[in-house]
Amino acid sequence: MEELPKHFDHKTLEPEIYKRWEASGFFSPDNLPVGRSAFGGNPNKDKAFTIIMPPPNANGSLHIGHALFVTTQDIMIRYKRMAGFKTLWLPGADHAGFETQVVYTKKIEKEGRRFWEIPREQLYNEIKDFTLANKTFMEGQLKALGASADWSREKFTLDEDIKAVVYDTFKMLHDDGLIYRGARIINWCPKHQTSLADLEVVHPEVADTFYYLKYGPFTIATARPETKFGDKYVIVHPDDQRYAQFKDREQFDVEWINGPIKATLIKDPMMDMTLGTGAMTITPWHSAEDFDLAQKYDLPKEQIIDWTGKLLPIAGEFAGQHISKARALIVEKMKGKGLLVKTEPYTHAVPACYKCGTAVEPQIRPQWFLAMTKEPKKGGKSLRDLAVEAVNSGAVTFTTDRFRLDFLRWMENLRDWNISHQIVWGIQIPAWYKGDEIKIGETSPGEGWTQDADVFSTWFSSGQWPFATLMTNRPGDFEKFYPTDVMETGWDILFFWVARMVMFGLYRTGKAPFKTVYLHGLVRDKDRQKMSKSKDNMVDPLGVAGEYGTDAVRMALVSGNAAGTDPIISEDKIRGYRNFTTKLWNMAKFVLQFTDVFETNDGVTPRDEEVLHELEAVKKQVTSYLDEYKLHLAAESIYHYTWHTVADKLIEEYKPRLNSVDKADAAIAIKTLMKVFSECLKMLHPFMPFVTEEIWGKLALRSPSGEEGTMLIVEKW
RNA sequence: GGGCACUUAGCUCAGUGGUAGAGCGUUCCAUUCACAUUGGAAAGGUCACAGGUUCAAUCCCUGUAGUGCCCACCA
């Protein structure tokens, strides 16, 4: 029997152990020894357990949040693998279109280059190189964290076969009338020069001013006087007594900012009589609400602000000025003309780009939209209804009920989704134009056709990830592993990603892509701050893992935090679990001394019986926690049992027997202790895979009929 | 404007319809023991506040206060 070194040398051993696992082939469901006799009567041998890994954005290095998802999913996967399932954890990487382009834009600016001056193709290739380099780097990091994923099945969101699936979906949705191109109001970020989906817009409160302006016989209130140049319609409520003397469609003269105009009154019940003066003018090009009114009454729409945020010639003397500077000047002029009645402080939510915080400018632009609430031409339910039904019927469940309610509430008020982005990095929309004609297809329909310059929202493609990755992998994978079992990801992308996956999955395959949604929290620093590069409070998981060991980091991430709440990670906590690693190591060193008296056929004593009973109770408890996805409770139970029952009490109690002259009883005692310790190792393995695997190998422990080697990763749970 | 969550030991957090738990920290004791990356012990909480349901509430219900978060095209 080999002597154990004084410490578990995680730095050199972790990579070695990982290589051993990889070489074993056990990360792949195809190679699992689920039918071998050690698993005797394995009831799960024909069952699959699948998790599709949320593909990390390949535009940087892993942060501690990634370590949390790796740990959480790896625990589920390792547990099920040991329980005898055909277990697949399918890894991947996301090109993360807009996100990555933003990251790369910053890099370019740092280098003193100008993003908009670089030709599209060159930019694409540069970002591609950047992304692929990051992708390789991150794969190494995922492995360092112990991810027992099947790398032979890894996919990337820009793989040709994945793109082909995405094109197919687009075509099907288009044929079904669910995808349409329309010149509608979109959220335009003047800095990033792209439209944003509604979800990509945030609404910070801004202390603003409400301007009351004289508009002919009316007084209107607005927070954006700089958009008002072309306003020719004033709207009031039909029942508003203040305006009873005016008739619907009545025309009147207005002395306006740049001279007299002819205006028209429209009475519409959408007006809120309690707000401002109950009268407003409309700017259909730059307000969604006004756009709807203009559509309703077929009113003209005119662009006032250009794509960079500057006023157009309609603004007269203000043309060419940026709106951020023009407002004050315009108000000054109105004041001079006696048009400014009064001002009021006004705090309201102003839409802004979620990336740069620049105020979003509503603009009209032809874009591709995905209808959320419309029924497909071929019949059946709308995407929204499909998803709602899947959740209501229990086909998709949430481990945290709160998120189920969030999901359903969000679904209630869904508007059509703008899937076009005016960026270069991503999958270009497979639509071709010639005059007024539109054709959908991956390749050009012929001479004279030009392809849409826009690319899909990343979420449009990643929303198809579960079935796309399985359809494009080994033959039979889709049938075997879809629908998957668990979708484990952060709650912050419940709407962005989880909701879209449910909709697309149901639409394309008739089945929800996963049965259970497990959402973890966002890792915070000790001041509760969300970690971000800009705040410089990022914890590098590989850094702390290098210092304390990956097992300690994993335990610290999973212990003491319930699913869905935001964990706070501190170095103290990691250090505590590093101590546990050492404790485990020393327990191994201790039992190792007695393995020469391991073999005995004698029956155990009543006390041993009792000890083994307690072990069974702990196993049962840990197993049921794992089955309920209460990973933190499972971790704490087994941690507590191992340290404070087995190490502190049992070993101390058994010492006299182990050293007794009665060799027969010593053999029984060590047999019992061995059993207890080896079960601890098994239970700890999903949480602390490295140290447990190493100890298992050193002790050459075998399950009674484990004829195929001694890797803990496939020992029977 | 809607909605949700949280408030438990000095700190960070678990947890449960039956007189509260962990880690870290603090105090005391032990030390040629597998392990000082240790062991034993201790101090420390009216489980935010006020009502209600119950034989019994920290846990269920209602309200209040504070904190945080999500959603939202009202000028």
Side-chain angles (χ1 to χ4, degrees), chain A residues 4 6-8 184-187 198-199 201-203 210-213 220-224 227-228 231 234-236 270-272 274-283 286-293 346 348-351 360 362 400-403 405-406 408-415 491-492 494-495 521-522 524-528 530 548-549 552 555-556 559-562 564-594 630 632-633 635-637 639-640 643-644 647-649 651-652 655 658-659:
Chain A
L4 280 189
K6 198 161 167 50
H7 301 292
F8 174 62
R184 297 190 15 190
I185 281 272
I186 47 109
N187 310 296
D198 295 333
L199 264 182
V201 174
V202 291
H203 304 266
F210 219 19
Y211 301 92
Y212 287 77
L213 306 173
I220 59 151
T222 180
R224 301 199 64 193
T227 65
K228 297 281 147 201
D231 290 14
V234 63
I235 323 291
V236 300
M270 61 72 64
M271 286 300 292
D272 179 350
T274 65
L275 201 66
T277 60
M280 72 169 188
T281 60
I282 60 164
T283 314
H286 298 289
S287 157
E289 193 185 28
D290 297 0
F291 177 85
D292 289 345
L293 276 169
Y346 182 55
H348 62 152
V350 176
V360 156
T400 306
D401 197 53
R402 187 172 91 233
F403 294 129
L405 299 172
D406 283 350
L408 292 172
R409 238 188 310 274
W410 186 70
M411 286 286 172
E412 275 171 27
N413 299 311
L414 261 191
R415 293 190 298 148
W491 59 252
D492 53 323
L494 172 60
F495 307 136
L522 273 42
R524 312 271 170 166
D525 70 6
K526 55 186 185 307
D527 300 319
R528 258 185 199 303
K530 202 167 155 178
Y548 300 108
M555 276 300 268
S559 298
N561 77 269
T565 55
D566 295 347
I568 292 178
I569 193 77
S570 70
E571 214 161 310
D572 275 349
K573 194 172 177 186
I574 299 170
R575 200 178 295 121
Y577 286 106
R578 187 273 318 270
N579 294 355
F580 180 55
T581 311
T582 308
K583 177 55 100 174
L584 202 61
W585 190 253
N586 280 305
M587 288 168 77
K589 271 168 73 176
F590 177 78
V591 294
L592 186 70
Q593 304 170 78
F594 302 97
K630 294 180 175 169
H632 61 300
L633 296 182
E636 282 155 32
S637 298
Y639 165 84
H640 215 257
W643 195 330
H644 300 299
D648 291 349
K649 300 207 172 70
I651 287 184
E652 292 309 317
K655 272 178 185 170
L658 298 173
N659 296 310

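The sequence lines fix the lettering, A, B, ..., with proteins before strands; numbering per chain opens at 1. Keep in mind that this is a model prediction, so the values were computed, not measured.
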In whole angstrom, give me the gap between the [atom1] atoms of [N] and [M].
| N | M | atom1 | result |
| --- | --- | --- | --- |
| G23(B) | C59(B) | C1' | 23 Å |
| A56(B) | C4(B) | C1' | 31 Å |
| A42(B) | U37(B) | C1' | 23 Å |
| C24(B) | G51(B) | C1' | 38 Å |
| U54(B) | C60(B) | C1' | 10 Å |
| A43(B) | A5(B) | P | 37 Å |
| G17(B) | A57(B) | C1' | 6 Å |
| U26(B) | U19(B) | C1' | 27 Å |

Exercise. Specify the residue among H7(A) and A562(A) whose closest nucleotide of RNA chain B lies further upstream toward the 5′ end.
Key: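 It is A562(A) whose nearest nucleotide is closer to the 5' end.
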Self-check item: Which residue lies more 5' along RNA chain B, comparing D648(A) with L405(A) via nearest heavy atoms
Solution: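 In this pair, the answer is L405(A).
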Give one of base, sugar-phosphate or nothing for [X], where a contact means two heavy atoms less than 4.0 Å apart.
| X | value |
| --- | --- |
| T565(A) | sugar-phosphate |
| I651(A) | base |
| H348(A) | sugar-phosphate |
| A647(A) | base |
| R402(A) | sugar-phosphate |
| G521(A) | nothing |

Separation of [N] [atom2] from [X] [atom1] (nearest whole Å):
| X | N | atom1 | atom2 | value |
| --- | --- | --- | --- | --- |
| L494(A) | C69(B) | CG | C1' | 14 Å |
| E571(A) | G25(B) | CD | P | 13 Å |
| M411(A) | G3(B) | CE | C1' | 17 Å |
| L592(A) | C35(B) | CG | P | 13 Å |
| M555(A) | A14(B) | CE | C1' | 14 Å |
| D401(A) | G3(B) | CG | P | 18 Å |
| K6(A) | A34(B) | NZ | C1' | 9 Å |
| R575(A) | C11(B) | CZ | P | 20 Å |

Quiz prompt | I235(A) and E289(A), any side-chain heavy atoms less than 4.5 Å apart | solution =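 Sidechains of I235(A) and E289(A): no contact.
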Name the closest nucleotide to the [X] side chain, picking from [options].
| X | options | answer |
| --- | --- | --- |
| T222(A) | A34(B), A75(B), U37(B) | A75(B) |
| M587(A) | A34(B), A75(B), U37(B) | A34(B) |
| E652(A) | A34(B), C4(B), U37(B) | A34(B) |

Self-check item: Aromatic centroids of Y639(A) and Y577(A) separated by under 6.0 Å
Solution: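 They qualify: ring centres under 6.0 Å apart.
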Who pairs with [X] by side chain to side chain donor-acceptor pair (under 3.5 Å), at least two apart in sequence or on another chain?
| X | answer |
| --- | --- |
| W585(A) | none |
| T281(A) | K228(A), D231(A) |
| S287(A) | D290(A) |
| R402(A) | none |

According to side-chain contact (heavy atoms from CB on, under 4.5 Å), who are the partners of [X], at least two apart in sequence or on a separate chain?
| X | answer |
| --- | --- |
| M587(A) | K583(A), L584(A), T642(A), V646(A), A647(A), I651(A), F677(A) |
| V201(A) | N187(A), L196(A), H203(A), P351(A), V360(A) |
| D492(A) | L522(A) |

Quiz item: How would you list, by chain and number, every residue that makes a salt bridge (Lys or Arg N to Asp or Glu O under 4.0 Å) with D292(A), sequence neighbours excluded?
Solution: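 Once residues adjacent in sequence are excluded, D292(A) has no partner under the salt bridge (Lys or Arg N to Asp or Glu O under 4.0 Å) criterion.
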Exercise. Taking salt bridge (Lys or Arg N to Asp or Glu O under 4.0 Å) as the test, write out the residues that go with E652(A), two or more places apart.
Key: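 K655(A).
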So which protein N/O to nucleotides 70-74 of chain B N/O distances come out below 3.5 Å?
from   : atom 1 : to      : atom 2 : distance (Å)
C73(B) : OP1    : R415(A) : NE     : 3.1
C73(B) : OP1    : R415(A) : NH2    : 2.5
C73(B) : O2     : E289(A) : N      : 3.3
C73(B) : N4     : R415(A) : NH1    : 3.3
C74(B) : O2'    : E289(A) : OE1    : 2.8
C74(B) : N3     : D272(A) : OD2    : 3.2
C74(B) : N4     : D272(A) : OD2    : 3.2

Self-check item: Contiguous pairing runs of three or more, Watson-Crick or G-U under 3.5 Å, that involve RNA chain B
Solution: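 Result, WC/G-U stems under 3.5 Å: B:1-7 with B:65-71, B:10-13 with B:21-24, B:26-30 with B:38-42, B:48-52 with B:60-64.
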Quiz prompt | Parallel, tilted or perpendicular: rings of H640(A) and H644(A) (30°, 60°) | solution =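 Correct class here is tilted.
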Quiz item: Under 4.0 Å: is that the gap between some side-chain N or O of K583(A) and OP1 or OP2 of G39(B)?
Solution: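 So the side-chain polar atoms of K583(A) do come within 4.0 Å of the phosphate oxygens OP1 or OP2 of G39(B), strictly under.
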Self-check item: Verdict with supporting geometry, L414(A) and F495(A), side-chain contact (heavy atoms from CB on, under 4.5 Å)
Solution: CA-CA 11 Å; L414(A) 261 191; F495(A) 307 136; over 6 Å; no
Quiz item: Looking only at atom types and distance, does a side-chain atom of H286(A) sit under 3.5 Å from a main-chain N or O of P362(A), one as donor and one as acceptor?
Solution: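 Yes, H286(A) side chain to P362(A) backbone: donor-acceptor pair under 3.5 Å.
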Check nucleotides 20-24 of chain B for protein N or O atoms closer than 3.5 Å to its own N or O atoms and list the pairs.
from   : atom 1 : to      : atom 2 : distance (Å)
C24(B) : O2'    : D572(A) : OD2    : 3.1

